[in-house]
Amino acid sequence: MSEPAEKIPATNFIRNIIADDIASDKWGGRVATRFPPEPNGYLHYGHAKSICLNFGLARDYNGVCHLRFDDTNPEKEEQEYVDSILDAVRWLGFDWGEHQYFASDYFAKLYTFAEYLIEQGLAYVDSLSAEEMRALRGSHVEPGENSPYRDRSVAENLDLFRRMKAGEFADGAHVLRAKIDMASPNFNLRDPVIYRIRHAEHHRTGNEWCIYPLYDYTHCVSDALEHITHSICTLEFEDHRPLYDWVLDQLQPLIGWHPQQIEFSRLNLTYVVLSKRKLIDLVEGGYVDGWDDPRMPTLVGARRRGFTAAGFRLFTDRIGVSKADSWIDMSVLEDCMREDLNIAAERRIAVLNPLKLVIDNYPEGQSEDCFAPNHPLKPELGKRAVPLSRELWIEREDFMETPSKGYFRLFPGNRVRLRYGYVVECTGCDKDADGHITAVHCTYLPDTKSGTPGSDSVKVKGNIHWVSVAHAYQAEVRLYDRLFAAANPGAGDRDYRLDLNPDSKTVISACLEPSLRDASAEDSFQFERHGYFVADRVDSQPGKPVFNRTVTLKDSWGKQG
RNA sequence: AGGGGAGUCGCCAAGUGGUAAGGCAACGGGUUUUGAUCCCGUCAUUCGUAGGUUCGAUCCCUACCUCCCCUGCCA
């Protein structure tokens with residue numbers, strides 16, 4: 001989409017830290033951040049915040065941002081996810097250049113460093129089962145107890161660890177633990193496991209390894225090896241920072257680099273869920289049409305929905321970053337998309353809920369072109385012809401037989417302008433046996449055609465859009481709304497699925513202006529007076545696009561009613 | 001023997017000893033051939049609570065309250 005004015009983000013605590021570091025020359029003036037996804041699922045809105053934050057910082061401080069896959073768990077990770085993550089980051093508008101890495105590329109070094117820890121007496125092989133280990137871990141009020149294997153000799157540990165690597169043991173038979181402090185009030189320091197046995201095929205290293213390092217050991221080492229300066233993560237890792245620092249302090253002689261971990265609060269958004277488990281439930285339970293369903297808060301879903309990368313960047317700047325727990329209302333994200341699309345999207349006309357309007361004094365079989373600007377804010381984009389004839393489709397909502405207070409559209413005796421066409425005066429309507437309105441009648445004022453001299457001599461308040469019945473492009477349009485009807489799905493003990501919005505997707509056949517037949521997949525438009533729509537990138541065929549509603553326009557009239 | 005964080009306007013968020021930035025929303029007005037956009041204006045004597053220090057406190061001290069995170073061989 002376009003590049004709207006992306007203002008310089010307000011100051012925040014992370015920028016203050018970086019600015020101080022630059023001033024004190026702490027990192028030799030460098031700024032290196034990283035976005036470290038695990039390739040075990042699709043990226044969601046929350047990741048967009050992290051991506052924009054990390055890459056945005058690198059961009060603003062003339063630094064670099066690495067894209068590193070944290071792929072240390074072979075049982076969950078797949079190449080398919082790597083590809084989709086690469087796509088998503090690129091789509092958001094960021095470029096990691098040469099800096100694409102995989103934690104799995106560091107397996108050999110990680111292993112060497114682990115042997116070093118063993119040699120230093122800082123790690124040991126434990127042979128307790130997971131259950132036994134848990135039993136000895138203690139609780140919030142009791143210290144943990146040392147494993148009976150904690151005092152194995154360096155030689156025995158080394159031998160066992162090498163045999164673990166050689167594949168002599170079954171999964172779970174042994175683990176390598178850092179020897180820190182079983183009595184620490186911080187659970188992460190109660191001799192955390194840093195290596196486990198997993199006879200599983202890894203998406204990149206195949207069967208080369210049967211022992212895999214865990215996150216706390218891998219992540220800090222990866223950061224250090226890449227000479228990251230500021231390792232930015234979410235708040236739940238704050239408790240892990242002492243371990244991050246411990247590992248790098250011990251490995252200082254080998255690596256000699258120690259990034260600063262900085263934590264910020266993750267994104268909480270209303271009317272949606274962002275936990276991986278719940279998103280999987282939604283897909284597997286058939287509540288949505290897949291990971292890229294336009295209602296899903298995934299980035300692939302957002303893209304199909306017509307949300308824009310610039311909109312996400314605006315959103316990230318607008319919500320800021322801090323350590324306070326916060327809930328951002330979905331309307332903030334929607335407004336950001338409107339703000340970008342208002343500038344980016346060309347205008348088109350679409351009648352979504354058609355009602356026939358007959359211009360009784362317009363000759364049958366005749367038609368003429370009206371000219372509509374493609375973008376009111378960008379006259380240089382020119383105008384396009386829209387055919388007008390005797391029978392038009394208008395919105396059912398644009399006619400009221402007995403108008404309510406303040407209503408200024410079509411009603412008997414009232415005049416409105418057919419947008420970009422003539423002023424018409426309503427003369428009445430037809431009804432069927434049940435009293436339902438089947439057509440509206442009017443007469444037009446020939447001297448009032450838009451763009452002709454004197455056309456403004458007749459002043460009207462109402463202005464309605466229309467599509468010629470004979471020329472309309474009848475197309476499928478999906479009207480999407482928020483996935484959940486409750487601001488906080490599943491609040492309390494409630495099953496969050498009970499809060500699903502039953503009207504989150506409505507498929508209609510709409511009457512579109514003829515030019516819309518030429519829309520290409522992913523083209524975004526504002527359907528005037530309705531909202532922003534995008535040609536679906538999956539289901540559109542050449543010459544036969546189908547549209548997804550991205551977001552409606554704001555409507556201050558609806559509020560009063 | 002618990003530990004780690006956070007509380008500043010409806011929602012975000014700066015400020016951190018000198019008397020409360022900004023954004024979004026809301027509201028009022030103007031423009032408008034989208035009840036949209038745009039433009040102008042209004043919008044915290046007050047910073048979780050109670051004390052204390054100080055000429056002066058959102059900022060320092062003490063106590064308390066509320067919320068979030070932590071006992072995966074997940075990340």
Side-chain angles (χ1 to χ4, degrees), chain A residues 7 9-13 16 36-38 40 70-73 75-77 126 128-130 133-144 171-177 183-190 192-198 212 214-216 218-219 233-242 263 265 268 270 276 317-329 331-332 335-336 338-339 342-343 347 349 372-373 376-377 406-409 416-421 423 450-451 455-456 460-465 526-531 552-560:
Chain A
K7 305 173 190 80
T11 176
N12 61 53
F13 77 103
N16 290 343
E38 180 188 13
N40 73 340
D70 238 323
D71 56 348
T72 57
N73 189 345
E75 292 169 320
K76 292 185 176 177
E77 295 147 5
D126 200 348
L128 252 25
S129 68
M133 216 177 280
R134 182 162 46 242
L136 293 182
R137 189 140 34 222
S139 71
H140 291 306
V141 290
E142 296 167 341
D171 288 3
H174 308 281
V175 294
L176 183 71
R177 289 231 250 174
S184 172
N186 182 342
F187 287 98
N188 297 116
L189 299 181
R190 315 247 267 221
V193 173
I194 60 177
Y195 261 96
R196 83 286 223 179
I197 301 171
R198 253 334 80 100
Y212 292 92
L214 277 90
Y215 169 84
D216 283 308
T218 310
H219 196 85
C233 60
T234 44
L235 244 30
E236 65 269 29
F237 291 103
E238 207 149 20
D239 286 343
H240 295 241
R241 193 170 66 226
E263 311 84 11
S265 54
N268 290 306
T270 59
K276 188 164 285 177
D317 289 342
R318 185 164 288 179
I319 63 176
V321 55
S322 74
K323 301 185 71 159
D325 294 315
S326 61
W327 279 86
I328 308 296
D329 197 272
S331 64
V332 176
D335 277 341
C336 289
R338 288 188 183 101
E339 192 165 321
N342 178 46
I343 302 299
R347 313 286 121 125
I349 299 166
L377 305 173
Y407 187 83
F408 53 67
R409 282 113 94 176
V416 301
R417 176 172 292 280
L418 294 177
R419 195 162 168 74
Y420 309 128
V423 170
S450 293
S455 64
D456 284 338
V460 293
K461 183 103 195 284
N463 199 297
I464 68 173
H465 63 273
Q526 181 195 105
F527 288 178
E528 296 198 35
R529 299 213 298 139
H530 282 301
T552 62
L553 246 32
K554 276 191 216 162
D555 179 10
S556 60
W557 165 245
K559 285 176 188 170
Q560 302 166 35

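Chain identifiers are assigned alphabetically (A, B, ...) following the order of the sequence lines, protein sequences preceding nucleic acid strands; residue numbering begins at 1 within each chain.
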Report yes if at least one side-chain N or O of [X] is closer than 4.0 Å to OP1 or OP2 of [N]; otherwise report no.
{"X": "A/Arg198", "N": "B/C74", "result": "yes"}
{"X": "A/Arg347", "N": "B/A36", "result": "no"}
{"X": "A/Arg196", "N": "B/C74", "result": "yes"}
{"X": "A/Ser322", "N": "B/A13", "result": "yes"}
{"X": "A/Ser129", "N": "B/C73", "result": "no"}
{"X": "A/Arg241", "N": "B/G3", "result": "no"}
{"X": "A/Lys554", "N": "B/A25", "result": "yes"}
{"X": "A/Asn16", "N": "B/A14", "result": "no"}

Given the rule in the salt bridge (charged side-chain N to carboxylate O under 4.0 Å, His left out) test, do A/Glu528 and A/Arg419 qualify, once you have shown the distances and angles that lead to the verdict? CA-CA 10 Å; A/Glu528 296 198 35; A/Arg419 195 162 168 74; 2.4 Å; yes

What's the closest nucleotide to the A/Thr72 side chain, out of B/A75, B/G35, B/C70? B/A75

Give A/Gly406 one of three labels, base, sugar-phosphate or nothing, depending on what nucleic acid heavy atoms sit under 4.0 Å from its own. base

Hey, is the side chain of [X] pairing donor to acceptor with the base of [N] inside 3.5 Å?
{"X": "A/Arg134", "N": "B/G72", "result": "no"}
{"X": "A/Arg318", "N": "B/C12", "result": "no"}
{"X": "A/Arg338", "N": "B/U37", "result": "no"}

With the criterion set at under 5.5 Å between ring centres and under 30 degrees between planes, would B/G35 be stacked on A/Trp557? yes

Any chance the rings of A/His240 and A/His219 have centres within less than 6.0 Å?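 Between A/His240 and A/His219, the centre distance exceeds or equals 6.0 Å.
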
So that I can compare with my own list, what are the stems of RNA chain B, taken as at least three consecutive Watson-Crick or G-U pairs with distances under 3.5 Å?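 Consecutive-pair runs (3 or more) involving RNA chain B: B:2-7 with B:65-70, B:10-12 with B:22-24, B:26-30 with B:38-42, B:48-52 with B:60-64.
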
Distance (rounded to the nearest 0.5 Å) between A/Tyr212 OH and A/Asn73 CG: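 Interatomic distance, A/Tyr212 OH to A/Asn73 CG, rounded to 0.5 Å: 9.5 Å.
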
CG on A/Leu214 to OG1 on A/Thr72, rounded to 0.5 Å: 6.5 Å

In whole angstrom, give me the gap between the P atoms of B/U66 and B/G48.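 B/U66 and B/G48 have their P atoms separated by 16 Å.
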
For B/G28, does the glycosidic angle fall within 90° of 0 (syn) or outside that (anti)?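 This nucleotide is in anti.
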
